[in-house]
Amino acid sequence: MKVLVTGGLGFIGSHTVVSLLENGYEVVIVDNLYNSKMDALDGIEKITGTRPKFYKLDCTSVSDMDELFKNEHFDAIINFAGYKAVGESVKLPLNYYQNNLDICFALFRAMEKYDVRNFVFSSSATVYGLPDRVPLTEDSPVKDATSPYGETKVMIERILKDMAFIHKERNIAILRYFNPIGAHKSGLLGEDPNGIPNNLLPYINKVAVGVLKELSVYGNDYETVDGTGVRDYIHVVDLARGHVLALRKLETNPGLVIYNLGTGKGTSVLEVIHAYEEATGVKIPYKFAPRRAGDVPINYAATEKAENELGFKCLYDIKDACLDGYNFQKAELERQKEKEEKKVVKTL
Ligand code: UFG
């Protein structure tokens, strides 16, 4: 089976490519390198022994997608391409709506023209908005999201549902991710955002390696176990495997299916800090700060549907994810130092 992975050099995309290759799929990656690096392709090759075909393309381009689909004959698409920074999306809503929707329109048009029947979409628990109750099952109401980024997920889910209604021959998996964290055990793939990270684990990683001084914990007066926000943190390698299982499901022609991908366990910010310290032996200095606008107090997944219908079960826990994330961050820092040194030698 030949699979197009858009955004395949990004954090979740690159881990999914590894998982697909390990399970015998042929993979073609498209990425515009907006938020990713070519190093990820080298990492994928080192881990799997295969260097998948790579195209540096922008998925918003209808003509580029047309050309690509004409040449490649895909059986399935996994779409990771898209902007994903919640805070930035509030400041630049038009960019988010235009980019994330245009990517889907270009892909859907190409799917239609070249009769590609299987599509996996990276959605997010953000579509549940402020939950009435937890754990969140897949039939919990989809609400107004708390950011334009989240709203693009709601909109694209809606478009997919309308398409599936009329195209019974299509198979579509909507995967709602909870909080993906961690990195590949090899230290070759992981998440290293430019600048100050918005998300908890990337921030903690930078504190752990000494790049940032201390963590701000946003809010300690929520109605949760210790007053700090509770989330469902899933190891990115588990999440990646979820995509392989979703593709297998699509091979049975199920039409449109929706699954949560989470662990089913809620962990507070303070619990994350403690797990990180235990797993790595590194102390994480932190201070309490006011609540962050748009944050929900608590969310975690109901996992029964994915377990019963896909056979999906997480193999790693929060400490595994903390340790793998830390090791990746250390290795990445070394790699960046080496690159800088090489640059200095060249200019001397
Ligand atoms: N947090 C801190 N300090 C930080 C960063 C985060 O205390 O520096 C807290 C947040 O307040 C929250 C928890 O850590 O309680 C997790 O925050 P993240 O930013 O890591 O993750 P979110 O749950 O806010 O966001 C994630 C994804 C989004 C997705 C959203 C909803 O990153 O893409 O879940 O599903 F939209």
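Counting convention: from 1, in listed order, for ligands and their atoms alike.
Nearest heavy-atom pair across Ala85 and Asn198 is CB-ND2, 4.2 Å.
Nearest protein heavy-atom neighbour of atom 35 (O) of ligand 1: Thr126 N, 3.1 Å. From the protein, the heavy atom lying nearest to atom 20 (O) of ligand 1 is Leu200 N, 2.8 Å. Arg292 NH2, 2.9 Å is the protein heavy atom nearest to atom 24 (O) of ligand 1. Annotation: atom 9 (C) of ligand 1 to nearest protein heavy atom, Val269 CG2, 3.7 Å. In terms of protein heavy-atom proximity, atom 21 (O) of ligand 1 is closest to Asn179 ND2, 3.1 Å.
For Ser124, every heavy-atom contact with ligand 1 shorter than 4.0 Å involves the side chain, none the backbone. In Val272, neither the side chain nor the backbone holds a heavy atom less than 4.0 Å from any atom of ligand 1. When heavy-atom distances to ligand 1 are checked against a 4.0 Å cut-off, Asn199 comes that close through both its backbone and its side chain. Neither the backbone nor the side chain of Ser147 has a heavy atom within less than 4.0 Å of ligand 1. At a heavy-atom distance under 4.0 Å, only backbone atoms of Asn198 (N, CA, C or O) approach ligand 1. Heavy atoms of Phe178 found under 4.0 angstrom from ligand 1: none, in either backbone or side chain.
Heavy-atom separations between Tyr128 and ligand 1 are all 4.0 Å or longer. Heavy atoms of Gly150 stay at 4.0 angstrom or farther from ligand 1. Remark: distances from the non-hydrogen atoms of Tyr233 to ligand 1 include one below 4.0 Å.
At a threshold of 4.0 Å, the pair Glu340-Lys343 counts as salt-bridged, since one of the basic side-chain nitrogens sits closer than that to a carboxylate oxygen. Salt-bridge formation is detected for the pair Arg51/Asp42: a Lys NZ or Arg NE/NH1/NH2 atom is positioned less than 4.0 Å from an Asp or Glu carboxylate oxygen. By the 4.0 Å N-to-carboxylate-O rule, Glu138 lies too far from Lys305 to be salt-bridged with it. Glu214 and Lys287 are joined by a salt bridge, as a carboxylate oxygen and a charged side-chain nitrogen come within less than 4.0 angstrom of each other.
Residues Glu151 and Tyr96 have side chains that never bring a donor and an acceptor to within less than 3.5 angstrom of each other. Between the side chains of Asn220 and Thr228, not a single donor N or O lies within less than 3.5 Å of an accepting N or O. Donor-acceptor pairing under 3.5 Å is recorded for the side chains of His235 and Asp324.
Ring-centre distance between His243 and Phe312: not below the 6.0 Å cut-off. Phe69 and Phe74 have their aromatic ring centers within a separation under 6.0 angstrom.
Applying the side-chain hydrogen bond (donor to acceptor under 3.5 Å, both in side chains) test to residues at least two apart or on different chains, the pairs with a partner in residues 74-86 are Thr6-Asn79.
For the pair Arg231 and Phe178, the cation-pi criterion (under 6.0 Å, within 45° of the ring axis) is not fulfilled.
Which of Arg176, Lys153, Arg231 comes nearest to atom 23 (O) of ligand 1 through a heavy atom is settled by distance: it is Arg231.
Of the possible polar contacts, one joining the Asp58 side chain to the Thr60 backbone as a donor-acceptor pair under 3.5 Å is found.
For ligand 1, the atoms lying closer than 4.0 Å to a non-hydrogen atom of Tyr149 are 33 (O), 36 (F). For ligand 1, the atoms sitting less than 4.0 Å from at least one non-hydrogen atom of Ala125 are 35 (O), numbered in the order shown with element in parentheses. Close approach of ligand 1 to Val217 is summarised as follows: ligand atoms under 4.0 Å from at least one heavy atom of the residue are 7 (O). Listed by number with element, the atoms of ligand 1 under 4.0 angstrom from any heavy atom of Gly229 are 15 (O). Interface atoms of ligand 1 facing Ser216, defined by a heavy-atom separation under 4.0 Å, are 2 (C), 3 (N), 4 (C), 7 (O), 8 (O).
Residue Asp295 has at least one N or O atom closer than 3.5 Å to an N or O atom of ligand 1. For ligand 1, none of its N or O atoms has an N or O atom of Lys84 under 3.5 Å away. Below 3.5 Å of separation, one finds an N or O of Tyr218 facing an N or O of ligand 1. When only interatomic distances are considered, the shortest N/O to N/O separation between Tyr177 and ligand 1 does not fall below 3.5 Å.
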Contacts table for residues 12-21: side-chain donor-acceptor under 3.5 angstrom, sequence neighbours left out:
unit_1 : atom_1 : unit_2 : atom_2 : d
Ser14  : OG     : Gly10  : O      : 2.7
Ser14  : OG     : Phe11  : O      : 3.2
His15  : ND1    : Phe11  : O      : 2.7
His15  : NE2    : His184 : N      : 3.0
Thr16  : OG1    : Ile12  : O      : 2.9

